Amino acid sequence: MSATRLARAAKPFGRSLTCLNSTGKQRFSTSAIRRTSTSGSSEQPRQASVWSYSGVMAVAATAGLFGWGMSEFRHGSLPKTMLFDSLYAYPRYASMHEMEQALREIRQEIGGAEDIISTDPDDLHAHGYSEWSTSNPEGLPVAVAYPRSTEQVSTIARICHKYRVPIIPYSGGSSLEGNFSAPFGGISVDFAYMDRIVQFNKNDMDVVVQPSIGWQDLNEQLAKMESGLFFPIDPGPSAKIGGMIGTNCSGTNAVKYGTMKDWVINLTVVLADGTVIKTRRRPRKSSAGYNLNGLFVGSEGTLGLVTEATLKLAVIPEEFSVAVVTFPSIRDAASAAAEVMQTGIPVAAMEIMDEVQMKVVNMGGATAPRVWKEMPTLFFKFSGTKAGVRENIGLVQKITKANKGSNFEFAKDAREQKLLWSARKESLWSMLALRKEGEEVWSTDVAVPFSRLADIIEVSKKEMDELGLFASILGHIGDGNFHESIIYNRRDKAEVKKVEACVKNMVKRALEMEGTCTGEHSIGWGKKESLLWEVGEDTLGVMRAIKMALDPNWIMNPGKIFDRQS
């Protein structure tokens, strides 16, 4: 944005937007609100100007006007994304007058010295647009709410349900498929203030947390407690627990520790009408009733707002190490990885980066003075006992050598571990650093049975080369999940069409190989058509029925995963 997008929204009023105050008449300082950027870092907000309630509300309204306007049409074409458009039917959402009334009622019921509602333009932009995501439908939220408790979230949901105001959950802001976009306006619910450990049960090896604590922050706090425990799911560094639950995320540790769903014991969830439920109690296993954890994990905020989660923890292994090995081709690297898995060697992580991605890391300079060989490369993590780690390194070295691997390096201490893993850690940032004016990075993922990974990577790389695209491959090869990162010029329509075709073809190939359209990024706004290809209309019908039962007004993160009608 768009500053351009926001300016276009505000143009009829000829002035820029500030924040609402609690009474509509007095000065309101945004210093009462801590804003969280899309990278998860806190910023110091600026002092707001003095505005009348009607003036502020009029301009704020325009920021979400496009989204609200689209909800007025029960049948019609939604805002165009770069990929996967179709015709949808949606219920009628709140008018701007009704949204104003809802905001007034939320303020009145919650009260307190601090106003939890913001209409600051920076907030609206950060909560409706993401530079990480290629899928950015037009429209912004009308307001951002910063609740402090489950009770406040319940109040927000109940009032939004009353007026049919869309609700969009927000935590880390690092999702890649337009997951927190606001195509129908509404209120973005940012959990920035709900970022605490509520309860730590060391003897039971679990922890109760609020949704906006980051997984890295959680592990830092567990380390300070000298608990000997850690939370093993490791997506992007800015990811928060709420978003991780919503997307059923994973990361480099998934080959050993699984995905987010495997580490959730119970959830506290606020439903669309404000009802608060707990999915189950705190034992490690239960056969009591429906598996509601499985329903809400991966639902992307379309069924309810998670306000607390009880998570399992793992014991920190005695020993760690890292190894790196290069190959003459992607197929050789994939063959070695498959043999490691089939042999049953318990690696903690196994990642692949192609020669283009290794070149990108060198060009970015983030790992200087280290210069990497620009060849397909496997990265391994090992963990366990000292003897076990030594044995596993030796076994992996033999397998990689038998598959044409060379330049095998393994870390002898913590400093070398950090150095050898740095290329994998810096991969995305290095790609983003290469963007020129007008360029974007399209990052998307699929997953296939790992025996087919070499096939799909080879064909996908060949297509990208034939189309003349600057693109790289990296992925979690131990569980068949890989990512394409493509740099393209968003102003070049011909190049955009090439990228669209490339991504669609990659998805279709994955499905033909009995894979999935997304291994960890989730569906969001950008892959709805892909989900239809994957599961079919009947299965989508079951999902819609569940959605209608829990959210009959269709206000919870509307437009994500699937549409009300196809």
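Numbers here simply count residues along the sequence, with the first being 1. What you are looking at is a predicted structure, and each value in this text was computed from that prediction instead of being measured.
- At most 12 heavy atoms of other shown residues, nucleotides or ligands fall within 6.0 angstrom of atom NZ in Lys359.
- Under the 3.5 Å distance criterion, the side-chain polar atoms of Gln417 are matched with a main-chain donor or acceptor of Phe320.
- No side-chain heavy atom of Lys462 sits under 4.5 Å from any side-chain heavy atom of Asp465.
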*Evaluate the side-chain contact (heavy atoms from CB on, under 4.5 Å) criterion for residues Phe382 and Val396: first the C-alpha distance (whole Å), next the side-chain angles of each, then the deciding distance (0.1 Å), finally the verdict.*
CA-CA 10 Å; Phe382 303 91; Val396 167; 3.7 Å; yes

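- Remark: Lys240 fails to qualify as a cation-pi partner of Trp215 under the 6.0 Å distance and 45° angle criteria applied to the six-membered ring.
- The OG atom of Ser286 sits 5.0 Å away from atom CZ of Arg280, with the distance rounded to the nearest 0.5 Å.
- When all heavy atoms are compared, the tightest approach of Ile486 to Cys502 is CD1-SG, 4.3 Å.
- One side chain, Lys527 or Thr444, offers a donor N or O that lies under 3.5 Å from an acceptor on the other.
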*asked:* Checking Phe231 against Tyr257 for the ring pair (Phe, Tyr, Trp, His ring centres under 6.0 Å) test, could you report, in this order, the C-alpha distance in whole Å, the side-chain angles of both residues, the deciding distance, and whether it holds?
replied: CA-CA 10 Å; Phe231 185 67; Tyr257 291 103; 9.7 Å; no

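- Counting heavy atoms from C-beta on, the side chains of Leu469 and Glu495 come closer than 4.5 Å.
- With hydrogens and angles left out, the side-chain atoms of Asn403 and Glu339 include a donor and acceptor closer than 3.5 Å.
- In this structure, Asp262 contributes its side chain and Gly258 its backbone to no donor-acceptor pair below 3.5 Å.
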*salt bridge (charged side-chain N to carboxylate O under 4.0 Å, His left out) between Glu300 and Lys560: does it pass, once the steps are laid out?*
CA-CA 8 Å; Glu300 301 186 37; Lys560 315 303 162 49; over 6 Å; no

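- Side-chain contact of Arg370 with Ser422: a donor-acceptor pair under 3.5 Å is absent, judged by distance alone.
- Note: Cys517 SG to Ile523 CD1 = 3.5 Å, rounded to the nearest 0.5 Å.
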*Given the rule in the salt bridge (charged side-chain N to carboxylate O under 4.0 Å, His left out) test, do Arg544 and Glu537 qualify, once you have shown the distances and angles that lead to the verdict?*
CA-CA 10 Å; Arg544 288 191 185 99; Glu537 188 58 54; 2.7 Å; yes

*Trace of the side-chain contact (heavy atoms from CB on, under 4.5 Å) decision for Ile477 with Phe450*: CA-CA 7 Å; Ile477 195 167; Phe450 64 76; over 6 Å; no

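- At distances below 3.5 Å, not a single donor-acceptor pair connects side-chain atoms of Glu484 with backbone N or O atoms of Ile473.
- Open room surrounds CG on Asp538; 12 or fewer heavy atoms of other groups in view lie less than 6.0 Å from it.
- Side chains of Thr518 and Asp445: a donor on one and an acceptor on the other come within 3.5 Å.
- For Ser522 and Asn179, the side-chain atoms include at least one donor-acceptor pair closer than 3.5 Å.
- When only modelled atom types and interatomic distance are considered, Ser530 and Lys504 share no side-chain donor-acceptor pair under 3.5 Å.
- Counting heavy atoms from C-beta outward, Ser383 and Lys256 have side chains that approach closer than 4.5 Å.
- To the nearest 0.5 angstrom, Lys461 atom NZ is 3.5 Å from Asp354 atom CG.
- Here CD of Gln397 is found 9.0 Å from CD1 of Ile393. Values are rounded to the nearest 0.5 Å.
- Side chains of Leu222 and Ile316 form no contact here, defined as non-hydrogen atoms less than 4.5 Å apart.
- Salt bridge present: Glu440 and Arg490 bring a charged side-chain N and a carboxylate O closer than 4.0 Å.
- To the nearest 0.5 Å, atom CG of residue Leu474 and atom CG of residue Asn481 are 9.5 Å apart.
- By the 6.0 Å contact criterion, CZ on Phe410 is open, its count of non-hydrogen atoms from other residues, nucleotides or ligands being 12 or less.
- The two residues Glu374 and Glu355 have their closest heavy-atom pair at O-CB, 3.5 Å.
- Nearest heavy atom pair, residue Leu311 against residue Ile241, reads CD1-CD1, 3.9 Å.
- A distance-only check finds no donor-acceptor pair linking the side chain of Ser175 to the backbone of Glu177 [under 3.5 Å].
- With values rounded to the nearest 0.5 angstrom, Ile345 atom CD1 is found 9.0 Å from Glu391 atom CD.
- A donor-acceptor contact shorter than 3.5 Å links the side chain of Gln357 to the backbone of Ser427.
- Between Arg509 and Ser460, the closest heavy-atom pair is NH2-OG, 3.3 Å.
- Here the side chains of Asn392 and Pro346 are in contact, with some heavy-atom distance below 4.5 Å.
- Side-chain contact between Lys312 and Ile265: present, with at least one pair of heavy atoms (C-beta onward) separated by less than 4.5 Å.
- At least one cation-pi condition fails for Lys381 and Phe379: the charged atom is not both under 6.0 angstrom from the six-membered ring centre and inside a 45 degree cone around its axis.
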*What's the verdict on side-chain contact (heavy atoms from CB on, under 4.5 Å) for Val389 and Thr385, showing C-alpha distance, side-chain angles and the deciding distance?*
CA-CA 6 Å; Val389 167; Thr385 63; over 6 Å; no

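- Residues Val306 and Phe191 are not in side-chain contact: their nearest non-hydrogen atoms beyond the backbone lie 4.5 Å or more apart.
- Nearest approach of Ser188 to His127, heavy atoms of both residues: OG-CD2, 3.3 Å.
- Using a distance-only test at 3.5 Å, with no hydrogens or angles considered, a donor-acceptor pair links the side chain of Thr377 to the main chain of Met375.
- Judged by distance alone, with hydrogens and angles left aside, the side-chain atoms of Glu534 form no donor-acceptor pair with the main-chain N or O of Leu531 at under 3.5 Å.
- Put simply, the side chain of Asn557 never gets that close to the backbone of Gly301: no donor and acceptor are under 3.5 Å apart.
- Side-chain N/O atoms of Asn407 and Thr326 include a donor and acceptor closer than 3.5 Å.
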*Between Val207 and Leu313, is a side-chain contact (heavy atoms from CB on, under 4.5 Å) present by the stated rule, with each step listed?*
CA-CA 7 Å; Val207 63; Leu313 299 174; 3.8 Å; yes

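- Across all their heavy atoms, Met244 and Pro235 have their closest contact at CE-CD, 3.7 Å.
- When side chains are defined from C-beta on, Met225 counts as touching Phe200, because their heavy atoms get closer than 4.5 Å.
- In this structure, Asp204 contributes its side chain and Asp206 its backbone to no donor-acceptor pair below 3.5 Å.
- A donor-acceptor pair under 3.5 Å is absent between the side-chain atoms of Glu439 and the main chain of Asn489, judged by distance alone.
- Using a 4.0 Å cut-off between charged side-chain N and carboxylate O, Glu437 and Arg491 make a salt bridge.
- Under 3.5 Å, the side chains of Thr279 and Asn266 contain no donor-acceptor pair of N or O atoms.
- A donor and an acceptor atom, one from each side chain of Thr367 and Trp372, are located under 3.5 Å apart.
- Under 3.5 Å, the side chains of Glu520 and Ser250 contain a donor-acceptor pair of N or O atoms.
- In this structure, a donor-acceptor pair under 3.5 Å is absent between the side chains of Lys508 and Asn505.
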